[in-house]
Amino acid sequence: MQNPTAGMRALGIDPLSGKQLFAVTEPGSRLDAMADGHAIKAAAALVTVTGAILENGDDASELVPDLYSALSEMVEVAARHFESTPLDSRVFGAAARALGEALRGTR
């Protein structure tokens, strides 16, 4: 069976219907930015839930497919933004420290 959302990116949840919204996005477009933002929020929520499950000593194996999907999309988002950002360690230093602090805070 073919995936009906193949080639589409998630934009979030429609507040009226409660259904997931998808769109075909153009690189650099507003829809692309919305999809990037949604991917980041979804991955952050999944990291929080997974961390809580692991902290309680529960089995998180059923989350592996969702974790893989979120991580795959985050790698694509990061790669696009990395390619469009000049390589300047002064720019990345502060962001890397903030990311490290945020990740330590999820433990």
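The chain is numbered in sequence order, starting from 1.
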Shared hydrophobic cluster, Leu71 / Val77 (ILVMFWY, side-chain heavy atoms < 4.5 Å):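 Each belongs to a different hydrophobic cluster.
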Joint hydrophobic cluster, Phe22 plus Val24, side-chain heavy atoms closer than 4.5 Å: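 Yes; tracing contacts between hydrophobic side chains, which count when under 4.5 Å, links both residues.
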Side-chain donor-acceptor contact under 3.5 Å, Ser29 with Asp32: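 On atom types as modelled, these side chains do not qualify, holding no pair under 3.5 Å.
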Flag, side chain of Ser72 to backbone of Tyr68, donor-acceptor distance under 3.5 Å: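 Indeed, once roles are kept as given, a pair shorter than 3.5 Å links the two residues.
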Check: Ser61 main-chain N/O paired with Asp59 side-chain donor or acceptor under 3.5 Å: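 Here the side-chain-to-backbone pair exists.
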Nearest atoms (heavy-atom pairs only) where Ala35 meets Thr25: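 Nearest pair, atom of Ala35 first, then Thr25: CB-CG2, 4.5 Å.
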Shortest non-hydrogen contact between Ala39 and Met74, atoms and distance: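 What the structure gives for the nearest pair is O-SD, 3.5 Å.
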Any side-chain heavy-atom pair of Ile13 and Leu21 under 4.5 Å: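 Heavy-atom side-chain distance check fails, nothing below 4.5 Å.
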Derivation and outcome, side-chain contact (heavy atoms from CB on, under 4.5 Å), residues Leu31 and Arg9: CA-CA 9 Å; Leu31 286 177; Arg9 298 196 57 209; over 6 Å; no
[X] side, atom [atom1]; [Y] side, atom [atom2] - distance, nearest 0.5 Å:
X     : Y     : atom1 : atom2 : result
Asp36 : Glu76 : CG    : CD    : 10.0 Å
Asp66 : Thr50 : CG    : OG1   : 8.5 Å
Gln20 : His38 : CD    : NE2   : 4.5 Å
Ile53 : Thr48 : CD1   : OG1   : 11.0 Å
Leu46 : Lys41 : CG    : NZ    : 16.0 Å

